[in-house]
S.K.: 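Please find one structure pasted underneath; my questions will follow.
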Amino acid sequence: MPGGYGAGASRQAHPHVRGFRPCGHALKKESIMQRALIADVVHADAPMESVTVMGWVRTKRESKDFAFLEINDGSCLKNLQVVVDAGVPGWEDLPRILTGASIQVRGAVVPSPGKGQRWEVRAQEVAVIGEAGPEYPLQKKRHTDEFLRTIAHLRPRTNKYGALYRIRARLAHAVHQYFHDHGFYLVHAPIITGSDCEGAGEMFQVTTLPLEAVPLEKGAVRYEDDFFGRPASLTVSGQLAAENLACALGRVYTFGPTFRAENSNTPKHAAEFWMIEPEMAFATLADDMDLAEDLVRSMARYALAHCAEDLALFAQFVEPTLMATLENVATKPFVRMPYAEAMEVLGRSGKEFQFPVGFGHDLQTEHERYLTEEYCKAPVIVYDYPKEIKAFYMRMNDDGRTVAAMDLLVPRIGELVGGSAREERLDVLSRRMEELGMPQEEYWWYLDLRRFGTVPHAGFGMGFERLLMLITGVSNIRDVIPFPRTPKHLEF
RNA sequence: UCCCUGGUAGCUCAAUCGGCAGAGCGGGUGGCUGUUAACCACUAGGUUGGCGGUUCAAGUCCGUCCCAGGGAGCCA
């Protein structure tokens, strides 16, 4: 056995955390785990005579008679400095302990005489768990995001990506907490769908038919031979399912994977992403906007309150204006502006836009960025769009030309949230679908909602990765999801 | 998919007008009694993205393909 894990385990089950007082925010597993978490050690409020920690070596600084190891176990951003004196058990293994190796250290937690850390561990025993050779690709100096994407399996071991995925986990938790606290029920919308008109982009087809010999009949695919007996796809939205559940449970939300087969190659699109879709019965567009604003604000507040240490890294190294942005989102009301007014603002902005401005034109990226970054200098909700540029299910306004839709635009990212009041009037919805040439019989269950006890209802979709980009300042969606899926990229 | 910019050592980057392929980090060896991007000395490490062309001579110029990043469209 190459490592000393077995040998090190010879003194397993000793009470290694005597005098241990866990700090407030760290994971508290010490009662069931043999090892202490580095988060708890570096945030300790008293010395400890003996702890056992395990982690990955970030750097080693050697002298003739002693060495410093910095190890990280993912429990927090900070590394733990370990001092190893010549002669302690495991000293002879030090040449095998290069950056990236996993090790186990038993030692005393003592005040550090050096600068840069309050506590350090004076090793009583060091054991190699798994070596990492000199070809280990991560070094302690800075790497580019592009390079780290090529080693997505190892990048969580860097400060930046470790912090990112800790924040991602905590924000996912915060989303569930938020909805739970506001009377929303989580619903699990289907991932595989038979409705090919969910209305939001190209879909990935799901099939068990042999692609090299698809069964044909008069040139057409015999879908009755396919798994479901009809065409099937991965979901592009949980909205239709959420609407049905909302019209029974009142307030619901989905938080699940979403798939778009668009050939988009941009820093804010992925083929597989996670979307949060609340849906409320007995609600108007104003309620919808209130919810979107409060949700985004709450997430910013949660991050500021619960991810301060990790966020500080992004404020320092990734996006210098991050803290100002988050404070702004957390405290100031968002701007709300009807679409028609937004077009007027753009028209008299004096800006030379590449795309035309005026009623009936869609808001382009350049327009969104002007509104939120320059004109409002804050998140802005644009609402009441012309019906022609929005989806069939959005509620017709009394003016007959706009629908009760809203987009929440934020600096740097653009559209973070898109939502609407849903058309609950059967005759209006039916007429609209007819205008668009949609097969109503395929939506019989969706129309049934309007037939039986219909209620005004509203909801929206928020891309979780885009929320993370806002919260962390990271500028590419491929870096806020551990293993991104984009066109021509299915590594890992 | 379109437009722009790139691709040089394991990583981050230099290389003047077309004229000998370089540094830092990382690795190895040796030194150093408190380091923290440790330090000092020595050392190994290259098909300059691929293919073709121009030239006495190509990392550098031309063509083409591949890959990456940014911008745009589509959207969350």
Side-chain angles (χ1 to χ4, degrees), chain A residues 58-71 78-86 95 98-100 110 112-117 120 122 132-151 154 158-159 198-202 236-239 255-277 292 296 353-355 362-369 389-391 407-410 413-419 460-470 475-481 486-489:
Chain A
R58 287 293 181 80
T59 179
K60 173 175 70 169
R61 295 180 290 273
E62 283 180 289
S63 230
K64 189 172 145 198
D65 296 321
F66 58 92
F68 294 96
L69 299 174
E70 283 193 38
I71 66 175
K78 286 198 180 84
N79 299 328
L80 176 65
Q81 174 162 286
V82 176
V83 189
V84 187
D85 288 313
L98 303 178
T99 300
V110 299
S112 176
K115 288 189 168 63
Q117 62 281 318
E120 65 188 20
R122 186 159 280 275
E135 72 278 16
Y136 180 67
L138 291 172
Q139 53 175 256
K140 51 191 154 188
K141 270 185 91 166
R142 187 183 170 279
H143 288 293
T144 60
D145 293 325
E146 291 77 15
F147 171 68
L148 291 171
R149 264 172 231 153
T150 69
I151 50 168
L154 294 174
T158 64
N159 287 338
E198 287 190 20
E202 292 295 310
V236 293
S237 166
Q239 180 192 321
F255 186 172
T258 310
F259 307 90
R260 303 277 167 91
E262 302 284 352
N263 186 18
S264 315
N265 260 295
T266 85
K268 56 181 195 175
H269 290 88
E272 178 184 281
F273 62 100
W274 288 68
M275 189 152 66
I276 298 146
E277 293 179 286
V296 172
F353 292 115
Q354 188 190 339
F355 288 88
D362 220 338
L363 280 180
Q364 303 294 332
T365 297
E366 57 178 352
H367 306 140
E368 294 175 353
R369 296 194 64 154
I389 60 175
K390 287 293 179 182
D407 285 348
L408 167 58
L409 313 175
V410 298
I413 293 153
E415 186 177 345
L416 174 64
V417 168
F460 62 78
M462 176 170 76
F464 185 51
E465 284 75 20
R466 289 190 183 173
L467 175 69
L468 283 168
M469 292 168 72
L470 174 71
S475 58
N476 196 312
I477 198 169
R478 291 176 272 240
D479 296 331
V480 297
I481 188 166
T486 53
K488 302 284 184 283
H489 289 275

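Please read all numbers here as calculations on a predicted model, not as lab measurements. Labels below follow one simple rule: chain letters A, B, ... track the order of the sequence lines, proteins then strands, and each chain is numbered from 1.
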S.K.: Applying a 4.0 Å non-hydrogen cut-off, can you work out what A/F355 is touching in the nucleic acid: base, sugar-phosphate, or nothing?
M.R.: sugar-phosphate
S.K.: For B/A37, take OP1 and OP2 only and decide whether either is under 4.0 Å from a side-chain N or O of A/K140.
M.R.: no
S.K.: Report the distance from atom CD of A/E262 to atom C1' of B/C74, rounded to the nearest whole Å.
M.R.: 5 Å
S.K.: Applying salt bridge (charged side-chain N to carboxylate O under 4.0 Å, His left out), name anything that partners A/D85, two or more places apart in sequence or on another chain.
M.R.: A/R122
S.K.: Does a side-chain N or O of A/N263 approach OP1 or OP2 of B/C2 to a distance below 4.0 Å, or not?
M.R.: no
S.K.: Does A/R58 have any salt bridge (charged side-chain N to carboxylate O under 4.0 Å, His left out) partners at least two apart in sequence or in another chain, and if so, which?
M.R.: none
S.K.: Record whether the side chain of A/S264 comes under 3.5 Å of the base of B/C74 through a donor-acceptor pair of N or O atoms.
M.R.: yes
S.K.: Return the set of residues passing side-chain contact (heavy atoms from CB on, under 4.5 Å) with A/T99 (not counting sequence neighbours), or none when no residue passes.
M.R.: A/Y136
S.K.: Please confirm whether A/H367 and A/F353 have ring centers closer than 6.0 angstrom.
M.R.: yes
S.K.: Output yes when a side-chain donor or acceptor of A/E277 lies under 3.5 Å from a complementary backbone atom of A/G238, and no otherwise.
M.R.: yes
S.K.: Sequence neighbours excluded, which residues qualify as ring-ring contact (aromatic ring centres under 6.0 Å, His included) partners of A/H143?
M.R.: A/F147
S.K.: Show the distances under 3.5 angstrom between N or O atoms of the protein and N or O atoms of nucleotides 66-68 of chain B.
M.R.:
from	atom 1	to	atom 2	distance (Å)
B/A68	OP1	A/H489	NE2	2.5

S.K.: Side chain of A/R61: nearest nucleotide among B/U33, B/U35, B/A76?
M.R.: B/U35
S.K.: Rounded to the nearest angstrom, tell me the gap between atom CD in A/Q354 and atom C1' in B/G73.
M.R.: 10 Å
S.K.: Residues in side-chain contact (heavy atoms from CB on, under 4.5 Å) with A/P257, at least two apart?
M.R.: A/I191, A/F259, A/W274
S.K.: Determine the contact category for A/N79: base if any of its heavy atoms lies under 4.0 Å from a base atom, sugar-phosphate if only primed atoms, P, OP1 or OP2 are that close, otherwise nothing.
M.R.: nothing
S.K.: Expressed in whole Å, how much space separates the C1' atoms belonging to B/U48 and B/A15?
M.R.: 11 Å
S.K.: For A/F464, enumerate each residue passing the ring-ring contact (aromatic ring centres under 6.0 Å, His included) test, keeping only those at least two apart in sequence or located in another chain.
M.R.: A/F255
S.K.: I'd like to check the salt bridge (charged side-chain N to carboxylate O under 4.0 Å, His left out) partners of A/K390; sequence neighbours left out, ordered by chain and number.
M.R.: A/D407
S.K.: Less than 4.0 angstrom between a side-chain N/O of A/R478 and OP1 or OP2 of B/G70, yes or no?
M.R.: yes
S.K.: Residues in salt bridge (charged side-chain N to carboxylate O under 4.0 Å, His left out) with A/E62, at least two apart?
M.R.: A/K60
S.K.: Can you check nucleotides 6-11 of chain B for protein contacts, nitrogen or oxygen pairs under 3.5 Å, and list what you find?
M.R.:
from	atom 1	to	atom 2	distance (Å)
B/G10	N2	A/Q139	NE2	2.6
B/C11	O2'	A/H143	ND1	2.8

S.K.: For A/P487, which residues count as a side-chain contact (heavy atoms from CB on, under 4.5 Å) partner, sequence neighbours excluded?
M.R.: A/N263, A/N265
S.K.: What stems involve RNA chain B, if each pair must be Watson-Crick or G-U and both of its distances must be under 3.5 Å, with 3 or more such pairs in a row?
M.R.: B:1-7 with B:66-72, B:10-13 with B:22-25, B:27-31 with B:39-43, B:49-53 with B:61-65
S.K.: What is the distance, to the nearest angstrom, from the NZ atom on A/K60 to the C1' atom on B/U35?
M.R.: 14 Å
